[in-house]
Each structure stands twice: as C-alpha cells, then as structure tokens.
J.: 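Mind having a look at this structure? Questions to follow.
FYI, the numbering just counts along the sequence from 1. On a predicted model such as this, the values are computed, not experimentally measured, just so you know.
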Amino acid sequence: MRNLRTALLTVMATGLAVTALAQVPAAAAPAPAQPKFLSANQLPASHTPWTAGPLRKGVPAEGSVCTTGIAPAAGTRHRDFRTELDTNARQTITVAPTTAQAKALAAELRSALETCLDRLKEQDPGLEGEAFYQGRINVEEGAHVYSIDTSYPEVGSTDIGLYSVGRDGRTVTVVEWGQMGELDGAPLAGFKNTTRTAVAKLH
C-alpha cells in the first residue's frame, strides 16, 4: 500500500508540473524590424543642406499628386525632406501583407507615374511638359526611375520632379524629389544613387 501511495503521489506531482509548465505563456515571437528610411545626407547633393522631417504613419495628407490614393494607409509610413532653396523630397514605405500584394502595388504605382503627366494635363489644359522613363536600377527586386518636367508658359514657371518605385520582398518604397527648373538641371545620377540606397536599406 505504501508503494502504491508513493507511486500515486509521484504521478500527481508530475501532472502538476506539466500543468504548471503548460500555463507558462510561450515567449512572444520578436516583431519584424521596421523598414529603414533614408537619412538627410543620403538625398541628392543640394546647394543647402537637407533637413529630414519626422516619420509619420499612414499616407501623406497632401502632395504626391501622381500616386495619391494608391498605397493603403495601413502598413504605410512616410518622411518629408526639404532644403532652404525650395527643393523638397519625400519617401513613402508600405509593407504589404504578402509578396504578391507588394508586387501588385509596385506595378500600380509605376503605372500611375507613367500616366501622371497626361492626367495632369487633362485637369489643367494650360499645363505643358515632358515625362520620361529613366531606367531600371538593379537592387533587391528592382527599382524604376521617372522624370516629369512641367511648365506654365503663360507665367513662365517650370518645375521638375524625379520619382522612383522600388521593392524588397513585401516592402515597397516610393521616393520623390522636386524643385523649380528643368530636367537638365536636376541631379538625375544622384537621385538614382538615392533610390538604390533607399531600396537597399529597407531591410
């Protein structure tokens, strides 16, 4: 009888230990690292230093006229940059739920840039300009660069914008750069380097 009681006590103790272990919550898996943004010194060279704004959640409230309404607010963050000479830039990063959705988002953003000038002209018949595809950059899943040169002949104003869309897995980034002037005065090579850096440092 004593041996039986000892055996029962051992089984009960073992069961309590197993139950106690089962009640200890498993350690939570570490959250994936957030994609990294460009810093101010990684923007194309300018006559005055770049200043980086704060990181903000969601899509930009204004600007980004070519791509507004495409990226979802969920999973998106953005940062604005500026100089003292009316040159501005912006980086927007979206982490999609799946790689397939990220690929589709990148394709939609590219299409929006390719048709942007035509849409702007439809909205404002007095606008003139030229748009060019400036090539692919071989970094991660690739990045694509565009330029849009606009002018209002009646008032003599001209503006140049450089844009890029790049992807690394589930993460898509858009980089925008703009200032008064024309394409021949824009730092196209520097912007391509900035785009390469932006995609390479996402993860």
Side-chain angles (χ1 to χ4, degrees), residues 37-54 56 58-71 76-94 105-137 139 142-167 172-199:
F37 277 77
L38 291 165
S39 56
N41 62 6
Q42 292 170 324
L43 274 289
S46 178
H47 294 297
T48 59
W50 285 97
T51 300
R56 301 185 184 278
V59 294
E62 58 185 18
S64 301
V65 292
C66 290
T67 56
T68 295
I70 297 177
T76 297
R77 296 184 301 156
H78 65 278
R79 167 179 275 173
D80 289 336
F81 304 84
R82 63 180 179 82
T83 72
E84 296 176 3
L85 295 178
D86 295 326
T87 304
N88 55 76
R90 170 178 287 161
Q91 183 182 14
T92 304
I93 296 177
T94 302
L105 174 60
E108 190 173 359
L109 288 165
R110 288 188 59 197
S111 178
L113 289 173
E114 289 165 358
T115 60
C116 183
L117 181 59
D118 290 338
R119 289 184 282 117
L120 291 176
K121 286 181 176 180
E122 288 177 2
Q123 297 170 12
D124 189 347
L127 181 70
E128 296 183 0
E130 294 182 306
F132 298 99
Y133 173 58
Q134 299 291 352
R136 185 182 191 277
I137 298 174
V139 55
H144 301 267
V145 178
Y146 303 83
S147 65
I148 301 177
D149 198 342
T150 58
S151 66
Y152 285 91
E154 292 184 0
V155 297
S157 66
T158 59
D159 294 280
I160 179 64
L162 301 176
Y163 307 85
S164 62
V165 178
R167 182 173 68 88
V172 178
T173 187
V174 175
V175 182
E176 306 167 69
W177 175 98
Q179 71 174 23
M180 294 182 64
E182 299 179 352
L183 180 59
D184 57 5
L188 182 57
F191 182 78
K192 288 184 175 182
N193 287 335
T194 293
T195 295
R196 183 185 300 278
T197 301
V199 179

J.: Do Y146 and Y163 have their ring centres less than 6.0 Å from each other?
T.: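 No, the ring of Y146 stays outside the 6.0 Å limit from the ring of Y163, centre to centre.
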J.: Using every non-hydrogen atom in the two residues, find where I148 and C66 come nearest and quote the distance to one decimal.
T.: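 Shortest heavy-atom contact: CD1-SG, 3.7 Å.
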J.: Looking only at side-chain N and O atoms, does Q42 offer a donor or acceptor that is under 3.5 Å from a partner on S39?
T.: yes
J.: Is it the case that S64 and R90 place a side-chain donor and acceptor less than 3.5 Å from each other?
T.: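 Yes, a side-chain donor-acceptor pair sits under 3.5 Å.
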J.: Going through the distances and angles, do F37 and T173 end up as a side-chain contact (heavy atoms from CB on, under 4.5 Å)?
T.: CA-CA 9 Å; F37 277 77; T173 187; over 6 Å; no
J.: With a 4.5 Å cut-off on side-chain heavy atoms, are Y133 and L113 touching?
T.: no
J.: For R110, check salt bridge (charged side-chain N to carboxylate O under 4.0 Å, His left out) against everything at least two apart and list the hits.
T.: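 With neighbours one apart ignored, the set is E114.
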J.: Would you say the side chain of R167 lies within less than 4.5 Å of the side chain of V199, judging by non-hydrogen atoms?
T.: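 No, their side chains stay 4.5 Å or more apart.
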J.: Is V172 close to L109 at the side-chain level, that is, under 4.5 Å between some pair of heavy atoms?
T.: yes
J.: Mind listing the closest non-hydrogen atom pair of G142 and R136 along with its distance?
T.: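 Where G142 meets R136 most closely, the heavy atoms are CA-NH2, 3.5 Å.
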J.: How far apart are the C-alpha atoms of I93 and T76, what are their side-chain angles, what is the distance that settles it, and do they pass the side-chain contact (heavy atoms from CB on, under 4.5 Å) test?
T.: CA-CA 6 Å; I93 296 177; T76 297; over 6 Å; no
J.: With no hydrogens and no angle check, is any side-chain donor or acceptor of T115 less than 3.5 Å from a backbone partner on S111?
T.: yes
J.: Distance-only, no hydrogens or angles: does the R196 side chain make a donor-acceptor pair with backbone N or O of F191 under 3.5 Å?
T.: no
J.: Quick one: does W50's side chain have a donor or acceptor within less than 3.5 Å of a partner on P44's backbone?
T.: yes
J.: How close do L127 and K121 get, counting heavy atoms only, and between which atoms?
T.: O-CG, 3.8 Å
J.: Is N88 close to W177 at the side-chain level, that is, under 4.5 Å between some pair of heavy atoms?
T.: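 With C-beta onward as the side chain, the pair stays apart.
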J.: Please check if atom CZ in R82 has more than 12 non-hydrogen atoms from other residues, nucleotides or ligands closer than 6.0 Å.
T.: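 12 or below, so no.
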J.: Tell me whether D149 contacts the main-chain N or O of I160 through its side chain, where contact means a donor paired with an acceptor under 3.5 Å.
T.: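 Absent.
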J.: Without hydrogens or angle criteria, can the side chains of T195 and S164 be said to hold a donor-acceptor pair below 3.5 Å?
T.: yes
J.: How close do I137 and K192 get, counting heavy atoms only, and between which atoms?
T.: CD1-O, 3.4 Å
J.: Restricting to non-hydrogen atoms, name the atom on H78 and the atom on G58 that form the minimum distance, rounded to 0.1 Å.
T.: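 So the minimum-distance heavy-atom pair works out to ND1-O, 2.8 Å.
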J.: Please report the closest heavy-atom contact between S147 and L162, naming both atoms and the distance.
T.: CB-CD2, 3.7 Å
J.: Give a yes or no answer on whether the side chain of T83 reaches the backbone of L85 with a donor-acceptor pair at less than 3.5 Å.
T.: yes
J.: For a quick check under 3.5 Å, do Y152 and D124 share a side-chain donor-acceptor pair by atom type?
T.: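 Yes.
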J.: Do P60 and T92 touch side chain to side chain, with heavy atoms closer than 4.5 Å?
T.: yes
J.: So, E84 and T48: side-chain donor and acceptor under 3.5 Å apart, yes or no?
T.: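 No pair is found: no donor N or O on one side chain lies under 3.5 Å from an acceptor on the other.
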